[in-house]
Enquirer: 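What follows is a structure written as structure tokens; I'll ask about it next.
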Amino acid sequence: MEETEFDDILDDWFIESLKTYKDLYVYQLECPTQVIEWTSGKTVCVAGNSSSKNETLELRLPPKLFADENKGLCAERDFKVLHGGFTDGPVRCLRHIPGTRCVVTNDGRSSDLQVWDLGGDDSDAIRRTGSLKGRSVSERGSRIAARLSTTPQVLHGAQSSDVQLTQLASGQTLYKLETDSADPLSSLHFVSDTVFLAGCCNGNIYIADTRTSAAPQLSPPPASSGESVLWWMDAFAGPSCSDPSSCRIARLSSSGQAVISDLRNPGGAVSRAQLDVQTCRCNLDDVRVSWAPVLDDCIAVSGFSGIVQIYNTSVWRTELQETKPLFEHRGHAVSSQPDDGIPVCITSHVWHPERPQTLISAASDGSVHLWDWVDQSVGSG
């Protein structure tokens, strides 16, 4: 692409963004990140994924984002590094332990975990404080989940046969998931204090309770056409998971099919759709599907291209139909020129836990975007 043509496209997108975004902020990392994790409502942790030494940073979001009144009087629109440190290898998975200043990481090369202290007011250094041994030898890496508990704990595993709940301080194993298969995991999610879902790359979902040694419930993958379909999953517990129907599951396949179900019948489909995604030209490890925590029925999808898409699942039906996104964030794709013909790809995204239409996304060029999108369909009749 000629430089003048690229500049014209960027200018057109910038003008359009004035009406399609309420807020838009940009940050540049030295190395791309596959992880974005909230450590508070105003701070996130990111870490590099290169094969050698990488930075781990805790970033404060621009204060101007939170200045709802007199926003024009707030001059601070930059990200700020609060704490930082270095890892000896890549960081493929990272989870903050709620109620602590600790994060747990995995390098994607084994099932072992690394434990880090994020630092405090007296120190700006992120330091490694320990490690946790995984149950298996895995070249794919572990998935991690954590929830608030009186004693910090972490749920982790690389495949369905080696998922375990480990006490952070002592390394004691508190629970093991017992299954007959060893399916590689795509994700782990707590939906209550004790119930969790283990999503597998083949579409299987194991539903288990850490209070019991009973065999987990197995939900098979949705029917799908095509060969070697991979699946990703996210779960949202809603205000109270005492009502199983409030625990919603979103499954996304590598062919772009999305299926919504709930815990009353996880193998069934409340609704489904064929998403408007490109044939994946990116790293399949970067594909993400996530429920909006405070925006009813919306999911975000990324990793198929340089675009993050928002879909409204409330308009989907039980039969498979093609659907268009409610919104697309094209900022990463538009503002980055392809390197040697390789297009930029989204490597991660997360919703803000409290702001309905605010997300953070990261891309393969090291760019990080914080954006609050405008729903153009509202009030359009």
Enquirer: Please find out if less than 6.0 Å separates the ring center of Trp373 from that of Phe327.
Expert: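 Centroid separation for Trp373 and Phe327: below 6.0 Å.
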Enquirer: Does Leu132 sit in a hydrophobic cluster with other residues, and if so which ones, taking ILVMFWY side chains as linked at heavy-atom separations under 4.5 Å, directly or through other members?
Expert: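 Members besides Leu132, by chain and number: Ile97, Val104, Leu113, Val115, Ile144, Val154, Leu168.
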Enquirer: Could you tell me whether a side-chain N or O of Ser302 sits under 3.5 Å from a main-chain N or O of Ser348, the two making a donor and an acceptor?
Expert: no
Enquirer: Do you see a donor-acceptor pair shorter than 3.5 Å between the side chains of Thr20 and Ser17?
Expert: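 Not at all, the side chains of Thr20 and Ser17 share no donor-acceptor pair under 3.5 Å.
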Enquirer: Check salt bridge (Lys or Arg N to Asp or Glu O under 4.0 Å) between Asp285 and all other residues, then give those that pass, not counting sequence neighbours.
Expert: Arg140
Enquirer: Got a sec, which hydrophobics cluster with Trp116, joining ILVMFWY side chains under 4.5 Å apart, including via others?
Expert: Val35, Val91, Leu94, Val103, Leu118, Ile126
Enquirer: Does the pair Cys298 and Leu326 meet the rule for a side chain to side chain contact (heavy atoms under 4.5 Å, CB included), with working shown?
Expert: CA-CA 9 Å; Cys298 284; Leu326 181 66; 4.2 Å; yes
Enquirer: Can Thr358 and Asp23 be said to form a side chain to side chain contact (heavy atoms under 4.5 Å, CB included), step by step?
Expert: CA-CA 8 Å; Thr358 300; Asp23 288 288; over 6 Å; no
Enquirer: If you measure from NE2 on His332 to CG on Asp365, what distance do you get to the nearest 0.5 Å?
Expert: 7.5 Å
Enquirer: Between Asp297 and Arg248, is a salt bridge (charged side-chain N to carboxylate O under 4.0 Å, His left out) present by the stated rule, with each step listed?
Expert: CA-CA 9 Å; Asp297 302 312; Arg248 294 175 295 165; 2.9 Å; yes
Enquirer: Ignoring hydrogens and angles, tell me if any N or O in the side chain of Ser335 forms a donor-acceptor pair with the backbone of Gly331 under 3.5 Å.
Expert: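 Side chain of Ser335 to backbone of Gly331: a pair is present.
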Enquirer: Got Pro62 and Leu370 here, is their nearest side-chain heavy-atom distance under 4.5 Å?
Expert: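 SC-SC contact between Pro62 and Leu370 confirmed.
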Enquirer: Once disulfide (SG to SG under 2.5 Å) is applied, do any residues pair with Cys345, and if so which ones, sequence neighbours excluded?
Expert: Cys282
Enquirer: Can a side-chain donor-acceptor contact be found between His369 and Ser361 if the only test is distance below 3.5 angstrom?
Expert: no
Enquirer: Under 3.5 Å, side chain of Asn106 to main-chain N/O of Ser142, donor-acceptor pair present?
Expert: yes
Enquirer: Quick one: name the residues clustered hydrophobically with Ile307, using the 4.5 Å side-chain heavy-atom rule over I, L, V, M, F, W, Y, and just say none if it's on its own.
Expert: none
Enquirer: Does Trp231 reach the side chain of Val287, with side-chain heavy atoms less than 4.5 Å apart?
Expert: no
Enquirer: Atom CG of Leu284 and atom CG of Leu230: how far apart are they, to the nearest 0.5 Å?
Expert: 6.0 Å
Enquirer: Could you check if a side-chain atom of Phe86 sits within less than 4.5 angstrom of a side-chain atom of Asn54, using non-hydrogen atoms only?
Expert: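 With C-beta onward as the side chain, the pair stays apart.
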Enquirer: Are Phe79 and Thr43 packed together at the side-chain level, in the sense that at least one heavy-atom pair is separated by less than 4.5 angstrom?
Expert: no
Enquirer: Kindly compute the distance separating OG (Ser123) from CG (Asp117), expressed to the nearest 0.5 Å.
Expert: 8.0 Å
Enquirer: Restricting to salt bridge (Lys or Arg N to Asp or Glu O under 4.0 Å), what partner residues turn up for Asp296, sequence neighbours left out?
Expert: none
Enquirer: Step by step, work out the side chain to side chain contact (heavy atoms under 4.5 Å, CB included) result for Tyr21 and His329.
Expert: CA-CA 9 Å; Tyr21 295 91; His329 175 60; 2.6 Å; yes
Enquirer: Is there side-chain contact between Gln309 and Phe304, with at least one heavy-atom pair below 4.5 Å?
Expert: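 Of all side-chain heavy-atom pairs linking Phe304 with Gln309, none is under 4.5 Å.
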Enquirer: Taking 4.0 angstrom as the limit, do Arg355 and Asp372 come out as a salt bridge?
Expert: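 Looking at Asp372 together with Arg355, the answer is yes, because their closest N to O distance falls below 4.0 Å.
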Enquirer: Who pairs with Ser261 by side chain to side chain contact (heavy atoms under 4.5 Å, CB included), at least two apart in sequence or on another chain?
Expert: Ile249, Arg251
Enquirer: Closest approach of Pro343 and Ser364, non-hydrogen atoms and distance?
Expert: O-OG, 4.4 Å
Enquirer: Against Thr39, only a single residue in Glu58, His96, Arg101 fulfils side-chain hydrogen bond (donor to acceptor under 3.5 Å, both in side chains); can you say which?
Expert: Glu58
Enquirer: Group every Ile, Leu, Val, Met, Phe, Trp and Tyr by side-chain heavy-atom contacts under 4.5 Å, then state whether Val81 and Leu61 land in the same group.
Expert: yes
Enquirer: According to the ring-ring contact (aromatic ring centres under 6.0 Å, His included) rule, which pairs have a member within residues 163-189, sequence neighbours left out?
Expert: Tyr175-Phe196
Enquirer: Applying a strict under-4.5 Å side-chain criterion to I, L, V, M, F, W and Y, I'd like to know whether Leu155 and Val195 cluster together.
Expert: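 No, no single cluster joins them.
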Enquirer: Could you tell me the separation between the CG atom of Asn49 and the OG1 atom of Thr33, rounded to the nearest 0.5 Å?
Expert: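 Here the interatomic distance stands at 6.5 Å.
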Enquirer: Consider only side-chain heavy atoms of I, L, V, M, F, W and Y, link residues closer than 4.5 Å, and tell whether Phe190 and Met233 are in one cluster.
Expert: no
Enquirer: Would you compute the distance between atom CG of Asn265 and atom OG of Ser219 and round it to the nearest 0.5 angstrom?
Expert: 7.5 Å
Enquirer: Would you kindly confirm whether Val270 and Leu263 end up in one hydrophobic cluster when ILVMFWY residues are joined by side chain heavy atoms under 4.5 Å apart?
Expert: no
Enquirer: Specify the closest pair of heavy atoms between Phe66 and Gly41, including all atoms of both residues, with the distance to one decimal.
Expert: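 Closest heavy-atom pair between Phe66 and Gly41: CZ-O, 3.6 Å.
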Enquirer: Write out all pairs satisfying salt bridge (charged side-chain N to carboxylate O under 4.0 Å, His left out) with one or both partners inside residues 323-336, taking only residues at least two apart or from two chains.
Expert: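 The answer is Asp276-Lys324, Glu328-Arg330.
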Enquirer: Does Asp286 reach the side chain of Gln34, with side-chain heavy atoms less than 4.5 Å apart?
Expert: yes
Enquirer: Once salt bridge (Lys or Arg N to Asp or Glu O under 4.0 Å) is applied, do any residues pair with Arg135, and if so which ones, sequence neighbours excluded?
Expert: none
Enquirer: Should Asp112 and Lys133 count as an ion pair when the cut-off is N to O under 4.0 Å?
Expert: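 So Asp112 pairs with Lys133 through a salt bridge.
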Enquirer: Side chains of Trp351 and Leu295: closer than 4.5 Å at any heavy-atom pair?
Expert: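 Sidechains of Leu295 and Trp351: in contact.
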Enquirer: Side chains of Thr166 and Gln164: any donor to acceptor distance under 3.5 Å?
Expert: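 Thr166 and Gln164 do have a side-chain donor-acceptor pair below 3.5 Å.
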Enquirer: Looking at residues at least two apart in the chain, or sitting in another chain, which of them share a salt bridge (Lys or Arg N to Asp or Glu O under 4.0 Å) with Arg92?
Expert: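 Checked Arg92 against salt bridge (Lys or Arg N to Asp or Glu O under 4.0 Å); zero matches.
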Enquirer: Hydrophobic clustering (ILVMFWY, side-chain heavy atoms < 4.5 Å, transitive) - are Leu29 and Trp38 grouped together?
Expert: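 As far as the 4.5 Å side-chain criterion goes, Leu29 and Trp38 are connected within one cluster.
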Enquirer: Hey, does the side chain of Gln274 reach the backbone of Ser255 with a donor-acceptor pair shorter than 3.5 angstrom?
Expert: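 Pair found, side chain donor or acceptor close to backbone of Ser255.
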Enquirer: Show the numbers, then the answer: is there a side chain to side chain contact (heavy atoms under 4.5 Å, CB included) between Leu65 and Tyr25?
Expert: CA-CA 9 Å; Leu65 174 71; Tyr25 304 92; 4.0 Å; yes
Enquirer: How about Val368 and Ile360: do any of their side-chain heavy atoms sit closer than 4.5 Å?
Expert: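 In contact.
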Enquirer: Would you mind writing out the side-chain donor-acceptor pairs for residues 204-211 within the sub-3.5 Å range, not counting sequence neighbours?
Expert:
| from | atom 1 | to | atom 2 | distance (Å) |
| --- | --- | --- | --- | --- |
| Asn204 | ND2 | Asp183 | OD2 | 3.3 |
| Tyr206 | OH | Ser181 | OG | 2.6 |
| Asp209 | OD1 | Thr194 | OG1 | 3.3 |
| Asp209 | OD1 | Arg211 | N | 2.9 |
| Asp209 | OD1 | Arg211 | NE | 3.0 |
| Asp209 | OD2 | Arg211 | NE | 3.2 |
| Asp209 | OD2 | Arg211 | NH2 | 2.6 |
| Thr210 | OG1 | Thr194 | O | 3.3 |
| Arg211 | NE | Thr194 | OG1 | 3.3 |

Enquirer: Quickly, which of Arg128, Glu37, Gln114 forms a side-chain hydrogen bond (donor to acceptor under 3.5 Å, both in side chains) with Thr105? Name it, please.
Expert: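 That would be Gln114; it is the only one of Arg128, Glu37, Gln114 passing the side-chain hydrogen bond (donor to acceptor under 3.5 Å, both in side chains) with Thr105.
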